S.K.: 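First, the structure itself, so that you have it in front of you.
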Amino acid sequence: MAEQTLILGTDNHLVATFTPAAHPSSEPPRCVAILSNSGVIPRGGPHRMNVHLARRFAELGVPSVRFDMSGLGDSLRASGNLPVIDQWVADTRAVMDAAQARYGCDRFLMIGFCSGAVVGHLVALEDPRMRAVLLWDLYAYPTLQFHARTFLYKLRRAGVVGAVKKLWARISAGFRATPDEAPETARWIGMSISPPIEEFVQRAQTLTADGVELFFVFSGGEPEFFNHNGQFKAMFGRYPFFDKVAFHYLEVSDHLVTSRKAQSAFLSMTEHWLRQRILKQ
C-alpha cells in the first residue's frame, strides 16, 4: 500500500494524501472515504486519527483521501472570495472529483470531525455523490435534562459559594445573557454557528429522504454542550429523520480523541458503522 500526496484544486492550492485499498482489485471500490481538518488541525486529524482511519479503511478495501482545506495545514488560500464554509465545501467537491478520476468510484463517505462535520453535511446537500457522513460533535440543542445536568456540573466545578455568586449575578442582571454566552439558538461549534433547530432538522430530513447515511457521534468531553446519552433523542426524537440515522455517545472520549482508549473506541465504532450501514457486510 503506497500512499501518494498530490497538489490539486482549480488553483492548485490543495494538498491531499491518497491512500489506496490494501489489496487492490480490478473492480472499482464500493466507496471512497474523505478525511479532512478538525478545526485548524492539519489533515492528519486530531492525534493522527485520520491516518489511523485511512489505514483501517484500506484493510477493508476502502481507499481514502485526507486533505487540508483552503488556508489550513499545507494548503494555500483559494484565489476567490467565497465565504470560508462555502470555500471548504468547494474544496471537498474538488477532492471528490480527483478521487473519482483516480479510483473510478462515485460514492463517497466523509468522517467529519468538528468543523468537518459542518462541511460534510453541507457537501451532501449539494453533491449526490456524498452518501454517508459521520458527524462528530456537530450541533447540539439544549433540553430540560441538559440544563439540569449542566447546572450540577457547574455547581461541582464552582462549589456552592461560587455557584451562589453566579446565580446572584444573573438575578441582578435580570437573567440577561453574559457576554461569554452565545444564545441557545446560536451555539458555537467549530467554525460555524448552530442554525435554529428547525433549519437543521430540514437539512437532516432532506438528506435522509435521499438515502444519505448520517452517523451522529458526540464526545463525553464537552458537558456544557452535550452531556448525556438521552440528549440526542430529546433533541430530535419527534422528527421523522430520527429513526433513519445512527447515533452514539462516546463518553470515554474528549473532543480531540486524546486518550488511547478513546482512539481505540472511535476506530472500532467507525469500522462497525462502515461495515453495517455502508458496506452492508
Side-chain angles (χ1 to χ4, degrees), residues 38-39 41 46-47 49 111-118 120-121 133-167 169-171 175-201 203-204 214-239 241-243 245-270 272-273:
S38 172
I41 296 172
H47 299 283
M49 282 303 298
I111 307 299
F113 284 108
C114 189
S115 57
V118 177
H121 88 279
V133 189
L134 187 153
L135 305 159
W136 174 257
D137 280 345
L138 185 58
Y139 307 132
Y141 299 90
T143 65
L144 183 61
Q145 189 174 161
F146 164 84
H147 282 304
R149 288 173 176 266
T150 300
F151 173 77
L152 292 175
Y153 168 75
K154 290 181 176 180
L155 182 63
R156 288 193 297 268
R157 186 177 63 180
V160 175
V161 174
V164 169
K165 287 182 178 179
K166 287 187 176 182
L167 179 60
R170 294 294 295 273
I171 292 173
F175 286 96
R176 293 192 300 270
T178 56
D180 62 342
E181 291 178 326
E184 291 180 350
T185 56
R187 297 167 61 80
W188 281 99
I189 174 64
M191 294 292 291
S192 183
I193 299 177
S194 300
I197 188 169
E198 294 296 340
E199 179 181 333
F200 177 67
V201 165
R203 297 181 195 174
L214 299 178
F215 187 14
F216 292 82
V217 186
F218 290 90
S219 70
E222 300 293 333
E224 294 184 58
F225 176 69
F226 191 99
N227 58 26
H228 66 100
N229 196 52
Q231 186 174 341
F232 186 74
K233 185 174 183 180
M235 292 189 302
F236 300 126
R238 64 187 182 276
Y239 298 106
F241 81 86
F242 178 78
D243 292 327
V245 303
F247 159 73
H248 190 80
Y249 181 39
L250 198 63
E251 192 170 8
V252 71
S253 180
D254 61 10
H255 182 63
L256 294 177
V257 202
T258 302
S259 72
R260 292 285 183 86
K261 185 177 182 180
Q263 292 167 21
S264 177
F266 186 93
L267 289 169
S268 296
M269 172 199 71
T270 304
H272 179 76
W273 171 68

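On a predicted model such as this, the values are computed, not experimentally measured, just so you know.
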S.K.: Heavy atoms only: give me the nearest Ile197-Met235 pair and the separation to one decimal.
M.R.: CD1-O, 3.7 Å

S.K.: Provide the closest heavy-atom pair for Ala234 versus Thr143 in the form atom of the first, atom of the second, distance.
M.R.: CB-CG2, 3.7 Å

S.K.: Drop me the distance from Phe151's CZ to Arg156's CZ, to the nearest 0.5 angstrom.
M.R.: 11.0 Å

S.K.: Grab the two heavy atoms, one from Val257 and one from Phe113, that are nearest each other, plus how far apart they are.
M.R.: CG2-CE2, 4.1 Å

S.K.: Verify whether the ring centers belonging to Phe232 and Phe242 lie closer than 6.0 Å.
M.R.: yes

S.K.: What's the spacing between Thr150 OG1 and Leu155 CG if we round to 0.5 Å?
M.R.: 12.0 Å

S.K.: To the nearest 0.5 Å, how far apart are OG1 in Thr258 and NE2 in His47?
M.R.: 3.5 Å

S.K.: Could you give me the CA-CA distance, side-chain angles and deciding distance for Tyr153 and Asn227, then say whether side-chain contact (heavy atoms from CB on, under 4.5 Å) is met?
M.R.: CA-CA 10 Å; Tyr153 168 75; Asn227 58 26; over 6 Å; no

S.K.: Can you confirm whether more than 12 heavy atoms, excluding those of Glu199, are under 6.0 Å from its CD atom?
M.R.: yes

S.K.: Between NZ of Lys261 and OG of Ser253, what distance do you get to the nearest 0.5 Å?
M.R.: 11.5 Å

S.K.: List the atom of Asp254, the atom of Ser219, and the distance in Å for their closest heavy-atom pair.
M.R.: O-CB, 3.5 Å

S.K.: Which word best sums up how the rings of Phe247 and Phe226 line up, parallel for under 30°, tilted for 30 to 60°, or perpendicular for over 60°?
M.R.: tilted

S.K.: Which class fits the ring pair Tyr141 and Phe236: parallel under 30°, tilted 30 to 60°, perpendicular over 60°?
M.R.: perpendicular

S.K.: Write down the atom of Tyr239, the atom of Val201, and the distance for their closest heavy-atom approach.
M.R.: CD2-CG1, 3.5 Å

S.K.: Give, for atom CE of Met49 and atom CD1 of Ile41, the distance between the pair rounded to the nearest 0.5 Å.
M.R.: 11.5 Å

S.K.: Tell me whether Ser264 contacts the main-chain N or O of Arg260 through its side chain, where contact means a donor paired with an acceptor under 3.5 Å.
M.R.: no

S.K.: Between Val252 and Ser259, which heavy-atom pair has the shortest distance, and what is it?
M.R.: O-OG, 4.3 Å

S.K.: Got a second to check how far Phe215's CZ is from Ile111's CD1, nearest 0.5 Å?
M.R.: 9.0 Å

S.K.: Quick one: sort the Phe200 and Tyr139 rings into parallel, tilted or perpendicular, breaks at 30° and 60°.
M.R.: perpendicular

S.K.: Evaluate the criterion side-chain contact (heavy atoms from CB on, under 4.5 Å) for residue pair His228 and Gln231; output intermediate values, then yes/no.
M.R.: CA-CA 6 Å; His228 66 100; Gln231 186 174 341; 3.5 Å; yes

S.K.: Take the angle between the ring planes of Phe266 and Trp136 and call it parallel below 30°, perpendicular above 60°, tilted in between.
M.R.: perpendicular

